Participant: 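For reference, the structure I am asking about is given below.
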Amino acid sequence: MKNWDWQTIFGLDLDRHRIGRSFLVRGLGIIYLIAICSWWTQVALLVGENGLAPAAYLHEILRERLGAAGESAFFALPNIFWLLGTSDFALQFVCFIGAMLAVLVLIGRFTGFALAGLWAIYLSLVNTGGVFMSFQWDILLLEAGFLALFLCDWKIRTPWRDPAPLTIINQIALVWSWLLIAKLMFFSGWVKLAWAGDATPEWWPERTAMLYHYMTQPIPTWTAWHVHHWPEGFHYLSLWPMYFIELILPFAIFFGRFGRLAAAIGFTFLMLLIMATGNYTYFNWLTIVLCLSLVQDRLWPGWLRSALGFTPLGLVPAPPRQPLLIKLALISPALVTILLLNVQVVLGDLHRAPKPFLKSDLTPPWLDSFRGNMEPFRLASGYGLFRTMTTNRPEIILEGSWDGTTWFEYDFVWKVDELSDPPKFVAPHQPRVAWQFWFAALEQRFDPRSRNAQWIESLVIKLLQDDPAVEKLIKRNPFPNSPPRLIRARLFNYQFTTPEERERTGDWWKRVAMGDYLSPVSLNEPENSP
């Protein structure tokens, strides 16, 4: 067969996506580099030997519980630190190796091997990161990174110029990358409607979500303050293009090269708008990178094709039949696994929502069990960004005191604390403690059963002990000479100031006390410990 007639029948022309494939693979190298370096700067403080939530503690718990049951701790939480240990040196050394592998992908050296190492490393970082590595973009990077193993060129050298043709394996992975971006975008729109009910706020169906979004997002920007004060009509109207992009454009992927181009432009436009007013780490860039593979070669600008030395393909001869069948046989278990997991994810999400699309559960029990067994490897996941919208912004303010009468506030880096501190851009770096403060505040009070309890308790103890490791988390230590005897946490409701209030006071925020999040505790009074 010439020119892969099977794909031409469906109008896919998969071998005409050489530029997009090349950009996607190298773009993932950049995203891996950003994600790993961001984690590297925090890893010792967060999960190191003396961290807020030590990875060693997690390993120890799993060994005890699963070992007693005769089960494998590795398969419950696959990561290379079972072999290397969880010392600060091991954690940072693995980050260093990951950064070097990401550079190899970017420059096109040993790309396939480097991507395989990156996937194993980032899986290890996610699985030992606990609550600090529980974000949807971390899982999305792993899912995209696994697909990239079948999309990339497994050669010693992959030049930037004149990208190589796609093999049949590359083409299959290319289609999966399209389905991944479609799944991400569609379900991000679907959950806004399907998960609104008695148990969750209905701010999306009520069309009022964007009245709150810019103020209540985890780490706002100064641009969010300005957009928040735009006319209400703008916030109501802005929902409709968002719904169009998230719920309609994913299906354009199935309508030829111009449909995929429209989807890529729409998705990218939405990501750029989110980036302009929020700090959503590397997520927006990762989504844009995934969009690159949607664009057919002839639709890229002429100057870019010329700069890449791009040569259009003629008729591509079919590869020898026997080696092709061997390669397909070798990768078929992985492809079937991905297919089954995604079927379970999609059918499950459409059924389990409070307002389900599927009234009956179509996934057989064995498939649910299979998904549960494979979950630790993060090969396929469901997504639902901004599923609900908070209408208030509670903030935890930690305070210290020597005498229990006079209290001094701690002002944390990147977290909303000081009223006069302007919101800043920090993405694509993710200050994960600041993010977790936002989630913990939504719980209203300290709860020892919460997944945030361990790191909050550890942080309070370190402040009482004057641990120098936490200095990097705070802008200014209110106790520079000796640590406080008492620490408490109060809860405040923050709001953006109006333009008139800001002109008068210079403050970006105003706040109202809501009560105690954590009553005063002291190292000398263990009965009052968190």
Side-chain angles (χ1 to χ4, degrees), residues 126 134-147 175-197 199-205 207 209-210 213 217 239-255 259-260 262-264 266-271 273-274 278 280-291 293-294 338-363 367-368 371-372 374-375 378-390:
V126 168
S134 59
F135 296 91
Q136 293 192 53
W137 38 86
D138 294 317
I139 309 305
L140 177 63
L141 179 54
L142 286 172
E143 186 170 356
F146 188 76
L147 286 177
V175 174
W176 274 115
S177 72
W178 297 349
L179 296 177
L180 173 58
I181 187 64
K183 178 178 69 171
L184 170 69
M185 298 306 296
F186 175 79
F187 279 97
S188 292
W190 156 258
V191 297
K192 293 178 177 64
L193 303 177
W195 286 87
T200 55
E202 296 194 17
W203 306 116
W204 291 109
R207 299 188 298 115
M210 300 309 291
H213 163 71
Q217 60 184 312
L239 288 179
W240 299 114
M242 180 206 66
Y243 279 131
F244 175 78
I245 292 171
E246 292 185 342
L247 293 174
I248 305 300
L249 277 187
F251 295 97
I253 289 173
F254 303 101
F255 290 90
R260 290 190 287 275
F267 299 159
T268 300
F269 176 70
L270 179 61
M271 292 301 107
L273 288 180
I274 295 173
Y280 290 96
T281 72
Y282 61 80
F283 162 68
N284 307 113
W285 289 112
L286 173 56
T287 305
I288 291 172
V289 164
L290 289 173
C291 291
S293 68
L294 293 168
I338 294 173
L339 173 62
L340 291 175
L341 292 176
N342 275 286
V343 167
Q344 196 279 341
V345 166
V346 171
L347 293 181
D349 284 358
L350 291 176
H351 169 67
R352 296 187 181 96
K355 297 180 179 179
F357 178 78
L358 299 175
K359 301 302 182 182
S360 301
D361 187 358
L362 300 181
T363 56
L367 187 54
D368 291 334
R371 165 81 191 286
M374 296 301 297
E375 181 65 22
R378 318 289 187 175
L379 299 180
S381 299
Y383 302 97
L385 298 159
F386 305 105
R387 189 173 77 182
T388 58
M389 184 61 62
T390 55

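If you're wondering where the values come from, they're calculated on a predicted model, not measured in any experiment.
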Participant: Rounded to the nearest 0.5 Å, how far does CG of N342 lie from CG of L347?
Facilitator: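 If we round to the nearest 0.5 Å, L347:CG and N342:CG are 10.5 Å apart.
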Participant: With the side chain counted from C-beta on, respond yes when S188 and L184 share a heavy-atom pair under 4.5 Å apart, and no when they do not.
Facilitator: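 Side-chain contact under 4.5 Å: yes.
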Participant: Rounded at 0.5 Å granularity, tell me how far CG in D361 sits from CG in L350.
Facilitator: 11.0 Å
Participant: On a heavy-atom basis, which atom in A353 and which in P356 lie closest, and how many Å separate them?
Facilitator: O-CD, 3.2 Å
Participant: Under the rule for side chain to side chain donor-acceptor pair (under 3.5 Å), what residues qualify as partners of Y280, not counting sequence neighbours?
Facilitator: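 So Y280 forms a side chain to side chain donor-acceptor pair (under 3.5 Å) with Q217.
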Participant: Let me know which of L140, D138, T287, V289 forms a side chain to side chain contact (heavy atoms under 4.5 Å, CB included) with Y282.
Facilitator: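 With Y282 as partner, L140, D138, T287, V289 yield a single side chain to side chain contact (heavy atoms under 4.5 Å, CB included), made by D138.
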Participant: So which heavy atom on H351 is nearest to which on K359, and how close?
Facilitator: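 So the minimum-distance heavy-atom pair works out to CE1-O, 3.3 Å.
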Participant: If you round to the nearest 0.5 Å, how far is CG of L362 from CD of Q344?
Facilitator: 11.5 Å
Participant: Not counting sequence neighbours, which residues clear side-chain contact (heavy atoms from CB on, under 4.5 Å) with L179? List them please.
Facilitator: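 Once residues adjacent in sequence are excluded, the partners of L179 under the side-chain contact (heavy atoms from CB on, under 4.5 Å) criterion are V175, W176, F254.
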Participant: Partners of F251 by ring-ring contact (aromatic ring centres under 6.0 Å, His included), sequence neighbours excluded?
Facilitator: F186
Participant: State which residues pass ring-ring contact (aromatic ring centres under 6.0 Å, His included) with Y383; sequence neighbours excluded, sorted by chain then number.
Facilitator: none
Participant: One pair to check against side-chain contact (heavy atoms from CB on, under 4.5 Å): D349 and V191. What are the steps and the verdict?
Facilitator: CA-CA 9 Å; D349 284 358; V191 297; over 6 Å; no
Participant: Test of understanding: with ring-ring contact (aromatic ring centres under 6.0 Å, His included), list the residues that count as partners of F267, not counting sequence neighbours.
Facilitator: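 F267 satisfies ring-ring contact (aromatic ring centres under 6.0 Å, His included) with no residue once adjacent residues are dropped.
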Participant: Donor-acceptor pair, W204 side chain versus A209 backbone, under 3.5 Å?
Facilitator: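 It does not hold such a pair.
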Participant: Find the distance between CG (L340) and OG1 (T363) and round it off to the nearest 0.5 Å.
Facilitator: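 Output value for this atom pair is 12.0 Å.
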Participant: Which distance, rounded to the nearest 0.5 Å, do you find between the OG of S177 and the CG of L294?
Facilitator: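 The OG atom of S177 sits 7.0 Å away from the CG atom of L294.
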Participant: Can you see which heavy atom on A252 is nearest to which on A263, and at what distance?
Facilitator: CB-CB, 4.5 Å
Participant: Calculate, to the nearest 0.5 Å, the distance between atoms CG and CD belonging to L286 and Q136 respectively.
Facilitator: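 One gets 12.0 Å once the value is rounded to the nearest 0.5 Å.
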Participant: So which atom in A182 and which in I253 form the shortest heavy-atom distance, rounded to 0.1 Å?
Facilitator: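 Minimum heavy-atom contact is CB-CD1, 3.6 Å.
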Participant: Looking at C291 and A264, what are the two nearest heavy atoms and their distance?
Facilitator: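 Residues C291 and A264, closest heavy atoms: O-CB, 3.8 Å.
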Participant: Nearest heavy-atom pair of L341 and R371: which atoms, and what distance?
Facilitator: CD2-CA, 3.7 Å
Participant: I'd like a table of donor-acceptor pairs (distance under 3.5 Å, sequence neighbours excluded) in which one partner is a side-chain atom from residues 239-247, with atom names and distances.
Facilitator:
from, atom 1, to, atom 2, distance (Å)
E246, OE1, G189, N, 3.4
E246, OE1, K192, NZ, 3.2

Participant: Judged by atom type as modelled, is there a donor-acceptor pair below 3.5 Å linking the side chain of E143 to the main-chain atoms of S381?
Facilitator: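 Side chain of E143 to backbone of S381, a donor-acceptor pair under 3.5 Å: yes, one is there.
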Participant: Could you go through F283 and F135, starting from their C-alpha distance and side-chain angles, then the distance that decides it, and tell me whether this counts as side-chain contact (heavy atoms from CB on, under 4.5 Å)?
Facilitator: CA-CA 10 Å; F283 162 68; F135 296 91; over 6 Å; no
Participant: What I'd like to find out is whether the side chain of L249 reaches to under 4.5 Å of the side chain of M185, using heavy atoms alone.
Facilitator: no
Participant: I'd like to know whether CH2 of W285 has more than 12 heavy-atom contacts from other residues, nucleotides or ligands below 6.0 angstrom.
Facilitator: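 It does not: W285 CH2 has 12 such atoms or fewer within range.
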